[in-house]
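Here the structure comes first, spelled out in structure tokens, and everything after it is commentary.
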Number of protein chains: 2
Amino acid sequence: MTIYDISQKSGVSTATVSRVINGSNAVSKRTREKVLKVIADCGYTPNIFARGLGLNTMRVVGILCADISDPFMSQAISFLEKEIREQGYDVLLSCTGMEMKNRRKGLDLLLSKNVDGVIFVGSNYVEAERSENAYILEAADKAPMMILNGRLDGDNVYCVYCDDKAATMSATVWLLESGRRRVAYMFQSHSYSSLKKLEGYRQAYLNAGLSVDETLIIECGEEASIPDMMEGLSQAAAQGVVFDSVVTAVDGMAVAALKYAHSAGLEVPGDLEIIGFNNSPLCACTEPEITSVDNKLYSLCHTCVSTLMRVIVGEEQPKHSVFSSELILRGSTSRGKVIDG
Amino acid sequence: MTIYDISQKSGVSTATVSRVINGSNAVSKRTREKVLKVIADCGYTPNIFARGLGLNTMRVVGILCADISDPFMSQAISFLEKEIREQGYDVLLSCTGMEMKNRRKGLDLLLSKNVDGVIFVGSNYVEAERSENAYILEAADKAPMMILNGRLDGDNVYCVYCDDKAATMSATVWLLESGRRRVAYMFQSHSYSSLKKLEGYRQAYLNAGLSVDETLIIECGEEASIPDMMEGLSQAAAQGVVFDSVVTAVDGMAVAALKYAHSAGLEVPGDLEIIGFNNSPLCACTEPEITSVDNKLYSLCHTCVSTLMRVIVGEEQPKHSVFSSELILRGSTSRGKVIDG
DNA sequence: TTGTAGGCGTTATCAC
DNA sequence: GTGATAACGCCTACAA
């Protein structure tokens with residue numbers, strides 16, 4: 001069943017059928033209805049490949065992420081997919097893990113399918129070191145690159161992110177103002193975002209006129225599991241590091257901190273206050289629930305997609321869209337209003 | 001840069017270039033090398049749309065799910081995506097929610113992109129009522145339909161699932177054999193899988209020579225949140241329903257049950273034992289951790305993709321692949337070996 | 001408002 | 001082993 005069959009059955013030319021399909025208004029009402037009826041009767045759908053060949057697009061945007069089984073990423077992708085679909089585009093998904101070689105390959109594969117744009121998901125997907133991101137800058141030649149929760153400057157590269165430095169700073173300040181003096185900071189990756197958060201942590205101490213105790217900065221391996229991270233805290237404690245609160249780079253680490261507290265017989269928030277990052281559903285699964293930095297994921301995703309769509313149609317768009325975070329108070333901190341189950 | 005340019009620059013025909021690109025061995029070594037060099041020099045890549053038009057495939061499989069932000073689904077999709085990519089196919093993702101109209105539309109959209117196969121993810125995606133699934137049977141005309149964690153019989157429809165009835169039965173039996181007599185069952189959807197689980201719950205009581213108290217079967221709304229589900233248990237308790245343990249249809253409900261216990265001042269597992277379903281990462285985030293039914297998600301996904309690939313190349317394949325589950329013991333139950341943090 | 005015809009870039013089928 | 005050339009199905013000037 002091709003456009004040619006339809007044109008025959010409805011006694012018009014293929015051009016007219018094409019016009020009807022594409023909603024051109026240069027078709028008489030009578031003709032349109034006649035053709036539409038034949039199309040409906042035959043259950044005809046245009047061949048997407050032929051159309052792609054002519055138009056040089058299949059209306060698809062590629063999404064690249066390290067690991068979709070991560071709750072934060074899957075939440076992001078859930079938002080993105082919905083927005084993208086509403087714009088009449090499809091989503092090609094590629095999960096590459098963190099290995100650079102695979103990230104490159106994933107992007108190339110997406111480009112080889114002539115996607116109309118690429119979205120990089122995950123604060124840890126874009127490296128702090130600019131040279132590491134060269135492959136993205138090159139790719140931007142072929143399609144717009146959208147960086148969600150990361151920063152990268154380049155032609156045809158657009159970033160949508162939360163001010164992570166300010167966010168971690170205010171989380172740390174919150175604890176300092178609650179009277180805590182030994183705020184630990186836990187993090188994993190060396191992404192741009194991760195380093196910004198660390199800066200924010202330091203800034204909070206500096207602004208308070210206090211100096212930073214470097215032993216309070218606890219780094220876990222890139223692939224650390226919950227037990228690994230608990231172990232990290234245990235070891236720090238065993239080595240004499242004293243901390244009365246923890247700020248973490250992601251919620252998963254906050255869960256680990258909570259479980260560490262439980263295993264060490266510490267009461268939360270009395271003995272240990274904990275603040276996570278991302279305000280993911282995980283925060284509502286624990287007891288007590290976890291205070292976390294809401295980095296406005298929905299807004300980020302919405303802006304990301306709408307910016308991309310405008311770029312695709314050739315509109316000038318801001319290279320950076322920056323949102324502010326918000327501290328969502330729950331039971332793992334003691335001061336202020338508490339939202340808990 | 002087209003295949004024609006390459007043919008000119010290397011002084012051969014487009015046919016030969018095409019042969020080289022596609023690894024045909026009917027090309028002399030000399031010619032091949034010459035062409036390969038030109039291709040490399042020009043950085044030429046074949047136009048994917050033109051190729052799609054000729055071959056009538058773009059090597060893409062569609063994945064359909066209700067909600068990728070659900071940890072279980074995102075884990076499944078993570079596994080599936082990896083396997084699919086290893087087979088040289090790309091993944092087109094569509095999250096449709098549970099509304100039937102949208103599920104239909106999602107499938108149609110995927111089919112209109114001429115995907116080589118469709119995978120339905122999620123035990124609650126395929127309905128118990130066969131007539132509700134008619135749209136899938138029709139679609140099977142155009143591409144193989146793979147049902148992950150659900151059952152549906154039809155031409156070109158393949159199912160890969162865990163024996164949910166047996167799984168829930170053994171979870172319930174486990175509690176009965178621990179001496180519990182008031183095992184509640186919590187569930188949400190009316191999917192095939194969900195009904196099978198309920199059957200398993202009933203069967204456990206029957207096999208033990210006990211009768212089922214229908215008030216112990218607690219149904220939550222399709223879209224119930226954790227607080228909603230906690231409320232469901234509270235209400236049941238308030239209405240005089242006595243239960244000493246809970247089996248749930250998904251882990252999220254087990255989290256809710258745990259939080260209910262906490263709010264009601266019940267000790268877990270002493271006053272209330274809890275068993276979840278799916279063995280998702282959530283189970284390791286709570287205190288105590290949650291005993292859950294492992295339904296062998298990785299194996300399901302692996303088999304699903306390898307079956308699909310074989311179907312695509314025309315091999316005869318089993319219409320049903322059934323796996324057995326396993327109860328993973330953690331701190332929310334009291335008997336036997338406990339894996340906990 | 002409608003029709004004709006050429007082009008999009010590959011692959012496949014023939015001959016040679 | 002290689003080269004012409006005809007599909008593949010749609011879109012879109014350009015003509016009428």
Side-chain angles (χ1 to χ4, degrees), chain A residues 1-39 42-60 88 90 109 111-116 142 313, chain B residues 1-39 42-60 88 90 109 111-116 142-143 312-313:
Chain A
M1 183 66 50
T2 75
I3 199 173
Y4 185 71
D5 298 316
I6 303 298
S7 86
Q8 293 234 301
K9 294 196 199 229
S10 46
V12 298
S13 71
T14 59
T16 299
V17 176
S18 178
R19 286 187 194 104
V20 170
I21 292 170
N22 295 294
S24 157
N25 42 349
V27 185
S28 75
K29 198 172 171 187
R30 249 188 98 251
T31 313
R32 159 171 292 108
E33 278 163 5
K34 185 169 58 180
V35 173
L36 247 22
K37 180 163 174 9
V38 175
I39 289 178
C42 303
Y44 160 79
T45 39
N47 180 300
I48 197 78
F49 300 133
R51 175 176 252 167
L53 181 54
L55 266 37
N56 200 39
T57 166
M58 282 221 337
R59 295 181 72 83
V60 171
D90 273 331
L109 240 35
L111 290 175
S112 77
K113 298 271 175 174
N114 284 33
V115 294
D116 300 295
K142 303 199 181 174
V313 298
Chain B
M1 182 65 51
T2 74
I3 199 173
Y4 185 72
D5 298 316
I6 303 298
S7 86
Q8 293 235 301
K9 294 195 201 231
S10 46
V12 298
S13 71
T14 59
T16 298
V17 176
S18 179
R19 286 188 194 101
V20 170
I21 292 169
N22 294 294
S24 158
N25 41 349
V27 184
S28 75
K29 196 172 172 187
R30 249 188 97 255
T31 313
R32 158 172 290 107
E33 279 164 4
K34 186 171 56 180
V35 173
L36 248 22
K37 180 165 174 4
V38 175
I39 288 177
C42 302
Y44 159 79
T45 38
N47 180 301
I48 197 79
F49 299 132
R51 177 175 252 169
L53 181 55
L55 265 38
N56 201 37
T57 166
M58 281 217 344
R59 294 181 74 84
V60 171
D90 273 331
L109 240 36
L111 290 175
S112 77
K113 297 271 175 175
N114 283 31
V115 294
D116 299 295
K142 304 201 179 172
I312 287 176
V313 298

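Throughout, a chain's letter reflects where its sequence line sits, starting with A, and its residues are numbered from 1. Just so it is clear, the model here is predicted, and its values are computed rather than measured.
Residues Thr57(B) and Val115(B) are not in side-chain contact: their nearest non-hydrogen atoms beyond the backbone lie 4.5 Å or more apart. Residues Val12(B) and Val35(B) form a side-chain contact, since some pair of their non-hydrogen atoms from C-beta on lies under 4.5 Å apart. At least one side-chain heavy atom of Asn114(B) sits under 4.5 Å from a side-chain heavy atom of Phe49(A).
If you take CZ of Phe49(B) and C1' of dG7(C), they are 17 Å apart, rounded to a whole angstrom.
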### Summary
B/S/- along nucleotides 7-16 of chain D (protein heavy atoms under 4.0 Å) is -BBSSBB---
### Criterion side-chain contact (heavy atoms from CB on, under 4.5 Å) on Thr45(B) and Ser112(A), from CA distance to verdict
CA-CA 8 Å; Thr45(B) 38; Ser112(A) 77; 5.7 Å; no
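Side-chain atoms of Asn56(A) and Arg51(A) form no donor-acceptor pair, as typed in the model, at a separation below 3.5 Å.
Side-chain atoms of Ser10(A) come within 3.5 Å of backbone N or O of Ile6(A) as a donor-acceptor pair.
Contacts between residues 31-38 of chain B and DNA chain C, defined by a heavy-atom separation under 4.0 Å, are absent.
Salt bridge status for Asp90(B) with Lys113(A): present, with a side-chain N to carboxylate O gap under 4.0 Å.
Scanning both residues, Gly23(B) and Arg32(B), for their nearest heavy atoms gives C-NH2, 4.3 Å.
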